[in-house]
Amino acid sequence: MAYLSLKDINKIYPNGFHAVHDFNLEIEKGEFIVFVGPSGCGKSTTLRMIAGLEDISKGDFLIDGVRANEKGPRDRGIAMVFQSYALYPQMTVYDNLAFGLTLQGIDEDIIEKKVKNVAAVLGLTDYLDRLPKALSGGQRQRVAVGRAIIRKVGIFLMDEPLSNLDAKQRVTMRSEITDIHHKTGSTTIYVTHDQTEAMTMADRIVVMKEGYIQQVGTPYELYFNPVNVFVAGFIGEPPMNFVRTVVKKGKVKVGDNVLDIAVKLGDKASLYEGKEIVFGFRPEAIVLGKGEGVSIKASVELTELLGDNTNVYVDIQGEKSILKVNPHDTPEMDSNIEFSIPYESVYLFDGETERRI
Ligand code: ATP
């Protein structure tokens with residue numbers, strides 16, 4: 001039995017807006033789950049239902065096999081870190097960390113031990129006497145995380161905890177949170193709109209769109225086996241390239257290039273004859289020059305040298321795509337190039353349902 005079960009969870013707000021539809025998910029003890037999706041897809045609403053901060057309109061939420069829909073937030077064994085990590089400004093880091101425990105009437109000696117432990121885990125030992133205003137954004141965020149983990153709860157919920165940090169701090173905190181998760185072993189649900197955070201931190205990712213789960217899987221599964229155009233386009237940076245095209249005798253046109261994809265369509269070829277499909281390939285899955293798979297001629301519009309690779313913006317007779325190449329192979333601007341995509345890196349989607357073929 002899973003540790004947390006969400007069965008057909010729905011959220012309909014009092015104004016009638018249906019924010020979450022039939023959300024089903026089983027979470028094992030100790031898992032790091034990331035909810036990811038664009039703004040407004042229902043990630044925070046789902047997290048808040050788990051936390052007990054929003055009513056569940058329909059469906060069952062179970063903690064360790066016991067229905068928890070009606071349990072108050074305090075009785076769920078949950079700690080939460082929000083986007084805005086409101087620390088008490090007049091209290092030192094020590095007091096901010098100790099506050100929840102002091103309220104519970106726990107012995108001062110035990111509190112001191114716990115605060116020192118958490119401070120050590122989070123690298124805050126040298127800052128315990130400081131006020132929040134004398135800390136960097138990253139340090140403040142660590143105090144907020146510390147306040148949550150000091151309570152030793154089984155379930156840890158985080159809603160965009162890194163969004164107030166700059167890019168460098170985010171990278172550091174990402175690995176710190178993963179590290180804390182390994183040390184504490186708490187079941188963690190983390191909400192973000194940032195696919196890089198999802199890919200780097202999650203055991204499993206839940207991709208959401210407009211209140212519906214699109215796919216649940218490991219970062220590897222979502223990257224290499226996306227179920228639809230949305231997931232394929234959301235996971236990966238730069239995103240997968242897509243071209244809408246019609247199947248004719250097992251072939252499609254991408255720009256002026258006629259590509260034989262019969263081998264990819266397999267026995268579904270007849271089903272898609274004359275139908276529109278979406279042809280997709282990842283920027284990094286290409287080989288410059290004529291190679292195995294399908295070959296495409298394009299002109300180079302722009303190149304961006306990033307150091308470890310170059311992003312090449314190409315025009316395939318009207319279709320725009322991005323290719324990722326070795327910086328030593330960067331083509332000339334305005335030059336004509338040919339590149340190939342191995343069959344295993346070609347993704348085909350139904351033009352109507354946008355589901356993977
Ligand atoms: P973001 O990344 O912007 O926080 P999100 O995926 O977390 O987005 P939610 O905050 O869960 O999205 O909101 C989902 C949808 O529900 C949005 O369309 C939002 O406008 C709507 N919504 C949120 N709270 C309420 C409310 N109290 N009443 C009505 N609709 C709401």
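Every number for a ligand or one of its atoms is a count from 1 in the order of the listing. Hydrogens, waters and symmetry mates are skipped; everything else that's a heavy atom, side chains included, is used.
Within a 6.0 Å radius of NZ in Lys320, other residues, nucleotides and ligands contribute more than 12 heavy atoms. Few gaps surround NZ on Lys324; more than 12 heavy atoms of other groups in view lie less than 6.0 Å from it. Within a 6.0 Å radius of NZ in Lys297, other residues, nucleotides and ligands contribute 12 heavy atoms or fewer. By the 6.0 Å contact criterion, CD on Gln104 is enclosed, its count of non-hydrogen atoms from other residues, nucleotides or ligands being greater than 12. Dense packing is recorded around NZ of Lys183, with more than 12 heavy atoms of other residues, nucleotides or ligands lying under 6.0 Å away.
At the top of the distance list for atom 3 (O) of ligand 1, counting protein heavy atoms only, stands Ser39 OG, 2.6 Å. Of the protein's non-hydrogen atoms, the one nearest atom 13 (O) of ligand 1 is Thr45 OG1, 3.6 Å. At the shortest separation from atom 23 (C) of ligand 1 among protein heavy atoms lies Tyr13 CE1, 3.5 Å.
By the definition of a contact as any protein heavy atom under 4.0 Å away, atom 19 (C) of ligand 1 is not in contact.
Taking the ring centroids of Phe242 and Phe279, they lie at or beyond the 6.0 Å cut-off. Separation of the Phe234 and Phe230 ring centroids falls under the 6.0 Å cut-off.
Contacts of Glu160 with ligand 1, taken as heavy-atom pairs under 4.0 Å, involve the side chain alone.
Proximity to Gly42 (heavy-atom distance under 4.0 Å) selects the following atoms of ligand 1: 5 (P), 6 (O), 11 (O), 12 (O), 14 (C). Proximity to Asn15 (heavy-atom distance under 4.0 Å) selects the following atoms of ligand 1: 29 (C).
Expressed to the nearest 0.5 Å, how far CZ of Arg48 lies from CD1 of Ile56 amounts to 13.0 Å.
Residue nearest to atom 2 (O) of ligand 1, selected from Lys43, His18, His193, Lys11: Lys43 (by heavy-atom distance). Which of Pro38, Gly40, Ala19, Gly16 comes nearest to atom 1 (P) of ligand 1 through a heavy atom is settled by distance: it is Gly40.
Any N or O atom pair closer than 3.5 Å counts here, and Phe17 shares no such pair with ligand 1. Of the N or O atoms in Ser44, one or more lie within a sub-3.5 Å distance of an N or O in ligand 1.
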